[in-house]
Amino acid sequence: MIKCDLHTHTLKSRCGYCSPLEMMNQAADLGLDALAITDHGTYTGGYISHALFRLPDMYRGVRVLKGVEVTICEDAQKIGLPAKYLHNFDLVISGFHNALPESDNPKKNNEYLIRYLDAHPYIDIISHPGSNGFPLDMSSVIPELIPRGVAFELNNAKLAQGKADLEQLRVMVEMVVTHQGRLVLNSDAHTVFEVGQDDAIRAFLDTLTPVPESCIVNRNLESVVAFIEERKPAKFVHKCNKGI
Ligand SMILES: [Zn+2]
Ligand SMILES: [Zn+2]
């Protein structure tokens, strides 16, 4: 069980099937310490409104974090996120979702990812790197991105659905550990039934040399809060260039 689940979707993502309150109640019933609601930005059919930030910070013992998952575009300057909300987010997650020119080309995807993070330095977590259809050259891109402070996700939903390249993930984890980067373990839940689920991540990690706990951003609530605080200045200093 992931005690601090930092990547979940609600009805505010077109692909989510449950309300924010249903997800929060499930997190409370499961005894989670934190739940981040990270609906999709506008380029992937999500709808972010100011009401997200009117949800309580604590609900039935669960720290409720407000986030967003934006998609990596061909035009690195574009981000499907209302600029006026940027400084309100606890977490900004970003990953590949929509096909890009040559998105089956690892070198191109590396370039997109680096350009995107350079244009949007407030992105905290790369969601589901190594997912099928968007290969990366992990051995070169991970060491390049670690100094930017971003964390790399192991995504339970992608692993459970067989939509992740295990060899790429193996290299990613090895690079993160070697270069003292950070991992984050998330469910990417789209229904209440997936909240906090990490079975597929655990099964994958069991095939590797044990990963030091200190590499994992969401190992406990204190480490999550420390990560959010560390990343906060970027959200105040930088602006979305083309908000929506
Ligand atoms: Zn995603
Ligand atoms: Zn997601």
Side-chain angles (χ1 to χ4, degrees), residues 2 4-20 22-24 26-27 32 34-48 52 55 64-74 76 78-81 85 89-100 103-104 109 112-113 116-117 120 122-136 138 141 145 150-166 168-169 172 183-201 204 217-218 224 227:
I2 303 165
C4 300
D5 195 348
L6 304 186
H7 182 173
T8 68
H9 296 273
T10 77
L11 289 168
K12 290 293 180 182
S13 294
R14 201 171 46 190
C15 50
Y17 267 73
C18 298
S19 70
E22 287 170 321
M23 301 294 270
M24 288 155 64
Q26 178 75 351
L32 265 55
L35 175 81
I37 294 173
T38 55
D39 283 310
H40 285 298
T42 46
Y43 293 150
T44 9
Y47 180 77
I48 308 290
L52 171 65
L55 292 173
V64 180
L65 299 167
K66 289 86 179 190
V68 63
E69 184 184 24
V70 291
T71 201
I72 296 167
C73 304
E74 183 188 354
K78 290 171 70 176
I79 187 163
L81 172 65
Y85 297 146
F89 286 108
D90 295 308
L91 291 165
V92 179
I93 298 178
S94 191
F96 293 104
H97 298 90
N98 298 337
L100 301 167
S103 56
D104 56 348
N109 289 336
Y112 284 132
L113 193 49
Y116 207 71
L117 285 176
H120 310 286
Y122 40 79
I123 288 167
D124 304 307
I125 296 171
I126 305 300
S127 51
H128 43 74
S131 57
N132 293 346
F134 301 96
L136 289 163
M138 295 290 187
V141 79
L145 295 183
V150 70
F152 302 91
E153 183 186 68
L154 287 171
N155 183 297
N156 198 67
K158 294 285 185 198
L159 280 162
Q161 294 166 34
K163 293 181 178 173
D165 183 313
L166 301 184
Q168 282 189 57
L169 291 186
M172 178 183 93
L183 295 172
V184 56
L185 317 185
N186 286 329
S187 72
D188 200 0
H190 284 61
T191 72
V192 291
F193 305 103
E194 299 163 305
V195 171
Q197 294 302 301
D198 62 354
D199 306 26
I201 294 173
F204 169 68
V217 165
N218 53 343
V224 169
F227 180 71

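Values below: all heavy atoms of this structure, side chains included; hydrogens, waters and symmetry mates excluded. Note that ligands are numbered from 1 as they come in the structure, with each ligand's atoms numbered from 1 the same way.
Heavy atoms from other residues, nucleotides or ligands lying under 6.0 Å from NZ of K66 number more than 12.
For the Zn ion (ligand 2), protein N, O or S atoms under 2.8 Å: 4 in total.
In this structure the side chain of T10 never reaches within 4.5 angstrom of the side chain of H190, judged on heavy atoms.
No hydrogens or angles considered: a donor-acceptor pair under 3.5 Å links the side chains of E69 and S127. Residues D5 and S187 have side chains that bring a donor and an acceptor to within less than 3.5 angstrom of each other.
Rounding to the nearest 0.5 Å gives a distance of 9.5 Å between OG1 of T8 and CG of L65.
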Stepwise side chain to side chain donor-acceptor pair (under 3.5 Å) test for E153 and N186: CA-CA 7 Å; E153 183 186 68; N186 286 329; 2.8 Å; yes

